[in-house]
Student: 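Just dropping this structure here.
Just so you know, these numbers use all the heavy atoms, side chains as well, and skip hydrogens, waters and symmetry mates. Per chain, numbering begins at 1; letters A, B, ... match sequence-line order.
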Amino acid sequence: MHEPANRSVRALPMLSNLMEIGSRVQPFSKESREKAPRIRDAKVVHSVCPYCAVGCGLNVYVKNGKVIDIEGNPDSFINHGTLCPKGSATFQYTVNASRTTQVLYRAPYSDHWEVKSSEWALDQIAQRVKKTRDETFVERLDDGRVINQTQGIASLGGATLDIEENYLIKKLFNAGLGIVSIENQARI
Amino acid sequence: MSDHNGQVSATPITERVQQLTQLLAPFKKEKPLPEQPKMGFFTDTSLCIGCKACEIACKQWNQLPATTPEWTGTSYDNTQSLGATTWRHVQFIEQIERRIPHVNASDEKVLKLPLFEMDTPVPQMGMDLSALPELAGTPTGTALPFFSTDRWLMRSDVCKHCANAPCQEACPTGAIIHTEFDTVYVQQDICNGCGYCVVACPFDVIARDSEGDGQAHKCTLCYDRLKDGMKPACAKACPTDSIQFGEVEQLKRDAQERLGFLQERGLTDARLYGADDKILEGGLNSFFLLLDEPETYNLPSNPARPSNHVLPTSLGVIVTAAVMGLIGTFFFKQE
Amino acid sequence: MRDTQHEKTERAPTDEAFINKTHSHTSAIEPIPHQSTLLERLASLTTGYTPDSISELKEKTYFDYPAVKAPLWSWEIIWYFFMGGLAAGSYVLASIATLFGKKEDRIVARVGYYASLLALLPCPPLLIKDLGRPEKFLNMLRVFKFKSPMSMGVWGLLTFSGFSGITAMVQASHDGLLGRWWGTRLLSRIPLKLLAIPGSIFGVFLGGYTGVLLTVTSIPVWSRSKMLGALFVSSAFSTSTALISVILRIIGAPAKTLYKLEKIEWANMLIEITCLLTYLRTAGRTAKALVGSEPKEQGPTFWTMMFGGGLILPWLLQTLMLIAGSKQPRQHTSQGQPTKRGGMGLLVSLLVLMGGYFLRRTVVNAGHASSADARTTLWNARR
Amino acid sequence: MPGLGTTLGRGGATSFPQDLVNSDCILIMGSNMAEAHPVGFANVMKAKDRGAKIIHVDPHFSRTSAVSNLYVSTRAGSDIVFLGAIIHYLLENQVYFHDYVVNYTNAPMLIREDFQDTEDLNGLFSGFDPASGTYSNQESWDYQRDEYDKPLTDPTLQNPQCVLQIMKRHFARYTPELVESECGVSREEWLQVVQALVENSGRERTSTLCYAVGWTQQSKGVQIIRAGSIMQLLLGNMGRPGGGVLALRGHASIQGSTDVPTLYDLLAGYMPQPAEMLSTKPESQHEPTSTTWGARQDKHVHKNTQQTLQEYIDVTGQKLGWWSNVPSYIISLLKAWYGDAATADNDWGYHWIPKITGDHSHINTSYAMLDGKVKGYFLLGQNPAAGSTNARMQRKALAQLDWMVVGDLYEVESAAFWYKGTNGEKVDPATLKTEVFFMPAAASTEKEGTFTNTQRLLQWRDKAIDPPGDARSDLWLIYQLGKRLKKLYADSTAPRDQGLLNLTWDYEMEEPQPDSHLTDEPDAQLVLKEVNGYYVTQTNSDGQVTQYDLHNAPHVPTFTALKTDGSTACGSWIYSGVYPEPGRNRAASRISDGKMNLDWGFAWPANRRILYNRASADPAGKPWSERKKHIWWDAEQHKWVGNDIPDFPPDKAPDYRPAPDSTGMDAIAGTDPFFMKPDGRAWLYAPTGLKDGPLPAHYEAIESPVQNALYKQQSNPAAKYHRDRKDNVLIELGDPNYPFVITTYRLTEHHVSGPMTRWMPWLNALQPSLFAEISPELAQERNIVDKGWMVLRTPRGEIEARAMVTRRLRPLRIRGRIVHQIGLPFHWGFQGKSTGSITNDLTHSVLEPNVSIEEAKAFLCDIRPGRLSSSEHNVGRKEH
């Protein structure tokens with residue numbers, strides 16, 4: 001099967017030895033000798049993949065206050081360390097220059113965002129909620145039945161949030177404020 | 001170095017010495033590390049679900065930039081090839097027989113709505129159901145094939161980590177080495193981007209990062225991870241064990257077993273690629289189980305080992321030069 | 001035709017149907033009978049392979065994506081190959097003239113050694129510029145690897161540069177170009193003949209290794225035939241003979257010497273033609289990238305500027321001149337007249353130089369076309 | 001998932017993906033599992049290697065089909081024909097699992113004589129009110145009952161009024177011929193599927209059914225799931241290893257967000273939201289949608305109002321079975337919410353909970369928004385402007401708001417709708433009033449908390465680092481907002497504000513998190529403790545009563561400890577047990593044992609991994625077979641033992657028979673595995689709880705190219721059509737302008753409408769553009785060039801996509817006619833690093849009656865080559 005050239009090499013062991021000059025010893029560099037995975041001394045934080053609902057375990061590697069690597073958790077019986085492409089890309093989901101990290105505000109009819117502080121925004125939102133709730137709250141139906149609800153405010157979202165967050169949303173919006181339209185992706 | 005200790009006079013000399021040592025550092029060839037068992041990949045395409053987790057896991061671990069997005073329309077493969085910043089690449093090959101649904105002869109052209117002609121009776125209200133064909137009784141048994149006849153082959157391509165790697169043989173700086181794990185590795189502190197490895201590789205693997213550092217790059221088989229006994233990122237991420245990592249000898253035995261398993265299940269086209277010593281006279285440390293001919297996957301079935309060309313071609317040079325020299329001598333000697 | 005079957009399974013011809021699917025962008029198969037052009041016929045004749053688009057389309061590939069990477073090399077390497085060939089050939093020719101030439105042939109040696117050094121000068125910069133990381137050029141000297149023509153080439157070039165440099169200096173000392181002082185005296189004491197033989201060996205190396213360099217790759221058009229080294233070295237000889245001949249015809253040289261050069265040139269070209277034809281025949285289908293006429297293939301340039309204009313035409317002219325020259329009684333009496341300039345030979349030599357350049361250019365560029373041709377790459381690897 | 005809830009008792013996947021390796025046959029239908037759940041699908045691949053047969057039935061040849069043993073190409077929207085024919089086959093050939101069916105399902109129950117089937121009424125069941133478009137009177141669907149209200153049965157299954165006989169008649173015309181003509185599946189291929197299932201079910205073998213939104217996103221989604229569940233019950237595959245129905249859910253905590261619901265019609269743990277329906281029309285019309293559980297009211301308690309807690313309990317609780325425990329669950333919830341303010345005297349604060357007055361589901365709310373009735377909107381991690389059906393309408397609706405709050409990591413379409421449009425469409429901000437607050441959110445790695453995954457498994461995430469910049473967790477946002485609102489209302493004495501003022505709202509972190517710079521982050525563990533439940537008061541042996549608050553209270557060990565006397569508080573009873581004692585957060589437990597992994601996370605309820613696992617043993621309590629044993633009765637220990645936590649009262653012997661007048665759990669026999677149902681049996685036939693009939697019947701999709709072959713009734717009669725909406729124009733049957741069926745799906749490389757993937761260069765490089773998959777035949781018919789552009793159009797909108805001409809799509813022969821299907825992913829929008837048309841601009845907003853989910857998996861469209869004119873000079877896309 002081998003080509004003639006090779007046969008000639010075999011025929012001439014001397015020649016083949018000659019050809020090996022420079023190929024036998026691997027010229028390692030310093031860097032190669034010292035190579036080490038960057039997560040060698042990193043802190044491992046256990047997490048769960050934020051995408052689909054299979055629930056793959058993640059290991060988040062942290063060094064100097066920065067996430068340096070996110071991989072599957074090999075101990076998890078769900079994924080045994082494996083991940084799909086989205087899960088494997090969780091690093092880029094969290095460490096991404098395109099992320100919006102400032103509170104943005106768009107005034108009515110304005111054509112631009114304004115950067116605001118969280119405190120300011122929270123105060124404003126609370127005031128909007130109070131105003132709208134007070135304007136739209138219905139205590140009783142015409143026939144006298146108590147309903148204590150408002151349809152003036154709605155909420156959407158939860159399937160990507162934590163249980164604890166869902167719990168507080170329902171508790172505050174529903175039990176506290178009387179908002180009825182509290183919905184999430186489960187409906188979609 | 002010496003800002004506080006006031007060794008001012010020594011500084012320039014030290015610096016120069018350092019500069020010199022830095023310049024010469026690459027020339028210092030470190031002692032090769034003690035040999036470890038050979039490590040490699042067994043990529044079993046019969047298990048690939050084309051999820052491309054390997055591509056991303058590789059990018060993530062090695063922090064490689066994304067390639068410019070380009071929608072190719074070549075099935076679900078928008079990656080197209082391995083490259084300087086793409087070290088795993090999933091291929092998609094559609095092999096689908098066309099079964100043309102039968103329509104009534106009169107309607108063979110474009111059928112416009114509404115048209116509700118039936119060629120099998122749809123049971124109607126109040127119809128005598130016994131008029132319908134009998135249902136099959138107890139099942140006669142089903143022997144479903146391992147894959148349905150329509151196939152969408154998927155394969156995660158990667159550097160083959162050849163036992164006799166043409167890129168390594170070609171490399172004029174010694175940047176490309178066989179590591180202690182017998183993987184083929186480009187030492188980035190050495191490579192000067194001559195590009196010879198690029199044309200030496202028979203598998204479309206190694207490439208020079210022309211938009212980046214100008215050096216040659218390819219799968220490192222996660223050399224850094226191997227040093228700590230960790231699995232390479234792609235093999236670790238692969239959800240279906242299509243990418244298996246381990247000692248080459250063991251992997252090759254597993255591969256044979258898997259091939260037998262598949263052939264027993266009727267996959268007569270299944271074959272191993274690079275698991276024996278045939279390819280490049282030593283086989284591949286990263287080898288494949290294919291479900292079709294290698295060419296279907298753009299794999300050369302038996303590529304030449306470029307370094308074997310050195311002798312015959314040189315012989316040609318010598319003979320030709322000798323003849324020409326003699327002719328020159330002859331004519332010059334002529335009166 | 002009524003088909004009572006529920007579904008008809010359109011199986012055959014599977015291959016063709018499959019091709020239709022996977023390669024619909026190649027606008028399917030062209031079964032139109034194709035009137036082959038002159039170049040195409042030449043290509044078939046020389047390579048022994050007639051492209052057959054239908055059977056080639058039936059070969060499997062993956063969406064026709066390249067199966068090997070394209071070479072990174074472009075004009076720097078083309079010029080390096082050309083200049084390196086001139087430097088090598090000139091040195092060897094000069095050495096032959098030194099060793100075996102008559103007294104009047106000294107001028108060949110003189111011009112040859114100088115030309116060699118001059119042609120060599122741009123080579124290292126060209127090579128370094130071609131690197132991805134030019135500043136790391138010195139890393140080339142980290143290893144010495146027989147199997148890597150690139151590694152050997154660097155060492156060979158380095159050594160040859162030494163010989164070429166010293167030889168030129170010696171020659172210059174002889175010629176008094178460096179002035180007269182102890183250094184030049186020392187240099188002029190070195191016998192040229194001593195340098196000529198080892199220098200020529202490295203010259204042959206430099207002239208030929210470039211071909212070996214290309215052959216020791218996976219690019220089909222370069223690597224299938226093992227004749228590229230021979231072809232390049234023959235071209236190195238013929239182009240440098242032409243170069244020296246051009247210079248001599250410009251500065252003037254003994255007619256006898258020029259006549260010798262003409263004969264050498266003629267013979268070299270004949271050998272080059274032989275090498276080229278052998279190369280094409282042994283490369284077969286893979287030579288398509290060089291001789292074919294499809295986009296990116298080098299055929300049109302190759303046939304006109306190299307094969308036709310740069311080899312066959314000057315060879316024919318040279319043949320005619322030699323025949324004419326031998327019929328015309330040579331003016332042996334004019335030995336006393338030292339010089340002759342210009343003439344038809346100048347044209348021939350210039351054509352040869354052009355051919356030599358285009359040989360490098362088309363061969364290197366054919367590497368690009370060849371790497372893009374997955375079907376031929378995969379065919380080439382079936383053995 | 002009331003499909004599962006009504007049939008089996010709980011609206012959750014009955015099993016878990018890792019159990020698939022124990023399957024002998026896996027039928028994947030209505031799911032592109034390999035692409036949407038690759039890691040879960042790894043178990044399918046393992047099962048296949050172990051010899052299991054993998055069957056994929058889908059309109060679109062996907063990566064799931066590619067690795068299956070058998071791919072069956074079917075018409076979108078014809079699922080019930082396919083499954084109905086299987087049910088017919090099983091019944092007709094008596095190849096169902098007889099002992100299982102007789103003992104564990106309601107097959108022997110007798111149905112009232114006045115019940116009329118779709119066979120009798122040409123596509124309608126008895127009780128339909130055409131005026132309201134609802135089954136306003138479902139009484140005729142009920143069982144025949146004895147004097148104790150217990151159903152009459154015929155164990156011989158011969159009585160013509162028994163469920164099995166009714167089903168036989170109901171499915172009689174679901175034949176292989178029908179499958180061939182309606183699904184476009186050859187009868188041979190269909191038979192292969194049936195045979196594979198039959199061969200791989202029974203005592204020795206089990207088969208699993210996997211489905212996902214391919215079923216739920218249809219106007220009859222619940223009934224398709226019902227049909228699949230019925231098939232599995234007849235085959236005897238429920239509650240057994242390698243069996244069951246695996247509902248594959250698509251979001252990290254979508255299960256969690258229904259368990260601890262952010263849904264308008266549910267309170268925690270699947271108790272319904274109290275309702276006071278607006279109109280005086282029959283109550284069922286405005287009955288809340290029953291998202292995952294199915295309504296459960298005992299047919300014999302009818303209350304028109306739910307003004308008091310007792311009325312609520314009467315309506316929502318049950319006399320029989322597990323739901324008799326509702327009082328302790330709802331009172332503990334009220335205690336968790338209103339703390340000390342909730343007392344027996346004030347009905348535990350029940351009146352503060354708002355009553356729903358209609359269907360306030362997402363799409364209906366969007367329409368209310370469009371009408372200007374909704375002023376303020378919170379969007380937390382959701383993107384209706386691209387991700388919800390009829391997205392164009394959604395964007396219009398957002399523009400009618402006074403204000404909205406968007407919490408997300410990236411500036412998603414819903415946050416940018418006021419200045420940007422799809423395909424380069426001009427939007428003039430000066431005309432849009434909506435005030436927008438964009439609150440940057442923390443990523444999942446930047447906060448701690450719990451996700452509940454597809455198998456009901458709670459898993460805790462530790463926090464890796466602080467979020468960047470001003471980004472904060474949604475927990476922080478809600479908590480801080482609540483604190484501010486409480487302050488704003490602090491002086492109010494108005495009764496309507498007292499709920500808010502009494503709301504317990506103290507989740508202050510006791511110690512700051514290590515390495516964190518955030519000081520005002522609430523303590524997620526405390527919230528989880530409240531969800532788990534705690535003792536408000538405890539009485540020791542001396543009769544001394546100790547009062548506790550959330551911070552110092554002892555944890556409730558499990559939901560059986562919950563009380564009706566107000567001594568316990570619990571945020572979601574089904575999660576009770578997740579945090580049974582201080583320092584023992586079972587969601588954060590990570591111990592894999594290679595078996596059932598009972599110490600990895602916590603699966604509700606009570607950490608049971610395979611639901612209804614009592615059914616893995618025969619009526620006598622012995623495993624059906626050694627090969628498939630899971631739990632069994634240990635007579636010596638007098639309890640259920642085995643590999644899993646028994647999903648059954650642990651000491652209820654198999655031979656226990658309830659007294660005729662027993663109630664609550666006492667009415668559940670030792671052979672009744674489905675004890676969430678009042679009769680303890682799985683419901684092949686649903687005598688109550690569904691709005692579109694007790695049995696699945698085939699209706700065409702709302703938009704279909706063909707007439708319903710079986711009934712005069714074309715599509716689901718009870719669906720919510722929104723016909724009066726001008727932006728919801730529907731394609732009429734036979735409209736030649738819209739001849740093609742379209743179905744949508746996910747690609748592995750992206751996530752839903754893209755908010756979590758389209759900003760990521762790595763993923764964008766893998767799938768850079770929206771494309772539509774069409775067959776070569778259709779491409780030829782419409783002159784569409786492979787890799788070129790094409791426009792897809794419905795009356796709701798037009799979009800452009802790249803054309804991927806592929807044989808993976810295949811024209812079907814439906815009743816002698818060619819029907820073309822188009823496949824379309826839906827991951828794109830106008831924001832992010834990879835942009836493209838919004839697939840949801842095409843979809844309509846007709847909703848499934850039980851759960852108000854839209855129909856995105858089967859509708860009609862037209863196509864043409866080319867691009868949308870507005871985008872021809874649009875952004876210098878690379879594809880040019």
Student: In terms of heavy-atom pairs under 4.5 Å with chain D, which of A:G65, A:A97, A:S88, A:S76 leads?
Tutor: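 Counting heavy-atom pairs under 4.5 Å, the top option is A:S76.
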Student: Kindly determine whether A:L168 and D:V527 satisfy side chain to side chain contact (heavy atoms under 4.5 Å, CB included), including the steps that lead there.
Tutor: CA-CA 8 Å; A:L168 286 200; D:V527 181; 4.2 Å; yes
Student: Contact between A:V45 and D:T445 at the side-chain level, heavy atoms closer than 4.5 Å - yes or no?
Tutor: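 Of all side-chain heavy-atom pairs linking D:T445 with A:V45, none is under 4.5 Å.
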Student: Are A:C52 and D:H251 close enough that some pair of their side-chain heavy atoms sits under 4.5 Å apart?
Tutor: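 SC-SC contact between A:C52 and D:H251 ruled out.
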Student: Please state whether the side chain, the backbone, both or neither of D:P468 comes within less than 4.5 Å of a heavy atom of chain A.
Tutor: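 Looking at D:P468, backbone and side chain both touch chain A.
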Student: Could you tell me how the ring of D:W418 sits relative to the ring of A:W113: parallel (under 30°), tilted (30 to 60°) or perpendicular (over 60°)?
Tutor: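 D:W418 vs A:W113 ring planes: perpendicular.
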Student: Please state whether the side chain, the backbone, both or neither of D:A524 comes within less than 4.5 Å of a heavy atom of chain A.
Tutor: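 The answer is both parts of D:A524.
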Student: Mind listing the closest non-hydrogen atom pair of A:C49 and D:A252 along with its distance?
Tutor: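 Of all heavy-atom pairs spanning A:C49 and D:A252, the closest is O-CB, 3.9 Å.
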Student: Among D:T454, D:V405, D:L409, single out the residue with the greatest number of heavy-atom pairs under 4.5 Å to chain A.
Tutor: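 The option with the most such pairs is D:L409.
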Student: Could you tell me which portion of D:A36 (side chain, backbone, both or neither) has an atom closer than 4.5 angstrom to a non-hydrogen atom of chain A?
Tutor: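 Contact with chain A: backbone only.
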Student: D:Q459 side chain to A:G57 main-chain N or O, any donor-acceptor pair under 3.5 Å?
Tutor: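 Absent.
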Student: I'd like to know whether D:F378 forms a side chain to side chain contact (heavy atoms under 4.5 Å, CB included) with A:I125, so could you lay out the CA-CA distance, the side-chain angles of the two residues, the decisive distance to 0.1 Å, and finally the verdict.
Tutor: CA-CA 10 Å; D:F378 285 90; A:I125 294 166; 3.9 Å; yes
Student: Walk me through it: do D:N453 and A:V54 pass the test side chain to side chain contact (heavy atoms under 4.5 Å, CB included)?
Tutor: CA-CA 6 Å; D:N453 76 351; A:V54 169; 5.7 Å; no
Student: Counting distance only, does the side-chain N/O of D:Q307 pair as donor-acceptor with the main-chain N or O of A:V146 below 3.5 Å?
Tutor: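 A pair under 3.5 Å: yes.
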Student: What residues form a ring-ring contact (aromatic ring centres under 6.0 Å, His included) with D:Y507, not counting sequence neighbours?
Tutor: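 Residues passing ring-ring contact (aromatic ring centres under 6.0 Å, His included) with D:Y507: D:Y479, D:W505.
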Student: Measuring only between side-chain heavy atoms, which start at C-beta, is A:N174 closer than 4.5 Å to D:W337?
Tutor: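 Result yes, sub-4.5 Å side-chain heavy-atom pair found.
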Student: When you compare the side chain of A:D134 with that of D:Y489, does any pair of heavy atoms fall below 4.5 Å?
Tutor: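 Heavy-atom side-chain distance check passes, below 4.5 Å.
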Student: Is D:L481 in contact with chain A via its backbone, its side chain, both, or neither, using a 4.5 Å heavy-atom distance?
Tutor: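 Both parts, backbone and side chain.
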Student: Using a cut-off of under 4.5 Å on heavy-atom pairs, state which of A:T82, A:L141, A:N79, A:D75 scores highest against chain D.
Tutor: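 The residue among A:T82, A:L141, A:N79, A:D75 with the greatest pair count is A:D75.
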Student: Between A:R145 and D:T305, is the side chain to side chain contact (heavy atoms under 4.5 Å, CB included) condition met? List the steps.
Tutor: CA-CA 8 Å; A:R145 285 181 286 169; D:T305 64; 3.7 Å; yes
Student: Ignoring hydrogens, what is the shortest heavy-atom contact between D:L477 and A:L122? Give both atom names and the distance.
Tutor: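 Scanning both residues completely, I find the closest heavy atoms to be CD1-CD2, 3.8 Å.
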Student: Counting heavy-atom pairs under 4.5 Å to chain D, which of A:N148, A:L172, A:T160, A:D111 comes out on top?
Tutor: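 The option with the most such pairs is A:L172.
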Student: Would you kindly say whether D:T504 and A:K171 are connected by a side-chain donor-acceptor distance under 3.5 Å?
Tutor: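 Result is yes, a qualifying pair exists.
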Student: Checking A:Q102 side chain against D:D470 main chain: does a donor-acceptor pair fall under 3.5 Å?
Tutor: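 Not at all, since once roles are kept as given, no pair shorter than 3.5 Å links the two residues.
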Student: Counting only heavy atoms closer than 4.5 Å, note whether D:K447 contacts chain A via side chain, backbone, both or neither.
Tutor: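 Just its side chain gets close to chain A.
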Student: Quick one: are A:V129 and D:L485 in side-chain contact, heavy atoms under 4.5 Å?
Tutor: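 Counting from C-beta outward, A:V129 and D:L485 do come under 4.5 Å.
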Student: Salt bridge between D:E446 and A:R99, side-chain N to carboxylate O under 4.0 Å?
Tutor: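 Yes, this pair counts.
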Student: For the candidates D:G832, D:S444, D:G349, D:G256, which exhibits the highest count of non-hydrogen atom pairs separated by less than 4.5 Å from chain A?
Tutor: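 Maximum pair count with chain A is reached by D:S444.
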Student: Tell me which of these, A:Q185, A:E139, A:Q149, has more heavy-atom pairs under 4.5 Å with chain D than the rest.
Tutor: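 Greatest number of close heavy-atom pairs with chain D: A:Q185.
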Student: Between A:K86 and D:T757 (side chain of the first, backbone of the second, donor and acceptor by atom type, cut-off under 3.5 Å), is there such a pair?
Tutor: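 Answer holds: no.
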Student: Cation-pi between D:K433 and A:Y109: NZ/CZ under 6.0 Å from ring centre and within 45° of the ring axis?
Tutor: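 Judged by the rule, D:K433 and A:Y109 form no cation-pi pair.
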Student: Sort out for me which of A:S117, A:A159, A:S118, A:S155 touches chain D most, counting heavy-atom pairs under 4.5 Å.
Tutor: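 Top option by heavy-atom pairs under 4.5 Å: A:A159.
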Student: With a 3.5 Å distance limit and no angle check, can you tell me whether A:R106 reaches the backbone of D:T434 through a side-chain donor-acceptor pair?
Tutor: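 Yes; at least one donor-acceptor contact below 3.5 Å.
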Student: Show the nearest heavy-atom pair for residues A:K170 and D:L267, with the distance to one decimal.
Tutor: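 Looking at all heavy atoms of both residues, the closest pair is CE-CD2, 4.2 Å.
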Student: Under 3.5 Å, is there a donor-acceptor pair between the side chain of A:Q92 and the main chain of D:W762?
Tutor: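 Answer holds: yes.
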Student: Chain D: which of A:A107, A:G152, A:A121, A:G178 shares the most heavy-atom pairs with it under 4.5 Å?
Tutor: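 With the most close heavy-atom pairs to chain D, the winner is A:G152.
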Student: Give the member of D:V531, D:I353, D:L526 that has the highest number of heavy-atom pairs under 4.5 Å with chain A.
Tutor: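 Heavy-atom pairs under 4.5 Å are most numerous for D:V531.
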Student: Do A:S181 and D:H362 come close enough that some side-chain heavy atom pair is under 4.5 Å?
Tutor: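 Counting from C-beta outward, A:S181 and D:H362 never come under 4.5 Å.
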Student: When you compare the side chains of D:T262 and A:N184, does any donor N or O come within less than 3.5 Å of an acceptor on the partner?
Tutor: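 Side chains of D:T262 and A:N184: pair found under 3.5 Å.
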Student: Verify whether one side chain among D:T450 and A:D162 offers a donor that lies under 3.5 Å from an acceptor in the other.
Tutor: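 Short answer, no.
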Student: If you tally heavy-atom pairs under 4.5 Å against chain A, which of D:F16, D:Y338, D:W352 wins?
Tutor: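 Maximum pair count with chain A is reached by D:Y338.
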Student: Which region of D:P522, side chain (C-beta onward) or backbone (N, CA, C, O), has a non-hydrogen atom less than 4.5 Å from a non-hydrogen atom of chain A, or is it both or neither?
Tutor: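 Neither part.
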Student: For D:S253 and A:I163, work out which heavy atoms get closest and say how close.
Tutor: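 Of all heavy-atom pairs spanning D:S253 and A:I163, the closest is OG-CG1, 4.2 Å.
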Student: Distance only, no hydrogens: is a donor on one side chain within 3.5 Å (strictly under) of an acceptor on the other, for A:Q151 and D:K375?
Tutor: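 D:K375 and A:Q151 do not have a side-chain donor-acceptor pair below 3.5 Å.
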Student: Report yes or no: is the cationic atom of D:R590 (NZ for Lys, CZ for Arg) closer than 6.0 Å to the six-membered ring centre of A:F77, at no more than 45° off its axis?
Tutor: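 Pair D:R590/A:F77 does not count as cation-pi.
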Student: Would you please test D:R484 and A:E119 for salt bridge (charged side-chain N to carboxylate O under 4.0 Å, His left out) and show each step?
Tutor: CA-CA 10 Å; D:R484 276 168 173 74; A:E119 290 299 307; 2.6 Å; yes
Student: Please answer whether the main-chain N or O of D:L528 pairs with a side-chain N or O of A:E164 as donor and acceptor at a distance below 3.5 Å.
Tutor: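 No; judged by distance alone, with no hydrogens or angles, the pair does not exist.
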Student: If you compare all heavy atoms of A:T132 against all heavy atoms of D:G376, which two are closest, and at what distance to 0.1 Å?
Tutor: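 Closest pair (atom of A:T132, atom of D:G376, distance): CG2-N, 4.4 Å.
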Student: Would you mind telling me which of D:L766, D:D462, D:L501 has the largest number of heavy-atom pairs within less than 4.5 Å of chain A?
Tutor: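 Answer, by heavy-atom pair count under 4.5 Å with chain A: D:D462.
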Student: Donor-acceptor check, side chain of A:R187 to backbone of D:V851, threshold 3.5 angstrom: yes or no?
Tutor: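 Yes; at least one donor-acceptor contact below 3.5 Å.
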Student: Using a 3.5 Å distance criterion without hydrogens, assess whether the side chain of D:Q382 forms a donor-acceptor pair with backbone atoms of A:L156.
Tutor: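 A pair under 3.5 Å: no.
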Student: Tell me the closest heavy-atom pair linking D:D474 and A:E165, and the distance in Å.
Tutor: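 Minimum heavy-atom contact is N-OE2, 3.3 Å.
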Student: Taking every non-hydrogen pair under 4.5 Å, which of D:Y410, D:W759, D:Y575, D:W460 racks up the most with chain A?
Tutor: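 The candidate making the most pairs under 4.5 Å is D:Y410.
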Student: Are D:S572 and A:Y167 close enough that some pair of their side-chain heavy atoms sits under 4.5 Å apart?
Tutor: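 Of all side-chain heavy-atom pairs linking A:Y167 with D:S572, none is under 4.5 Å.
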Student: So for atom NZ, which belongs to D:K486, do other residues, nucleotides or ligands contribute more than 12 heavy atoms lying within a distance under 6.0 Å?
Tutor: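 Counting neighbours around NZ of D:K486, more than 12 heavy atoms of other residues, nucleotides or ligands fall under 6.0 Å, so yes.
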Student: Is any side-chain heavy atom of D:W403 closer than 4.5 Å to one of A:K131?
Tutor: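 In short, these two side chains do not touch, never coming nearer than 4.5 Å.
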Student: Measure distances from D:I363 to the heavy atoms of chain A and classify the residue's part below 4.5 Å as side chain, backbone, both or neither.
Tutor: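 Interface part for D:I363: neither.
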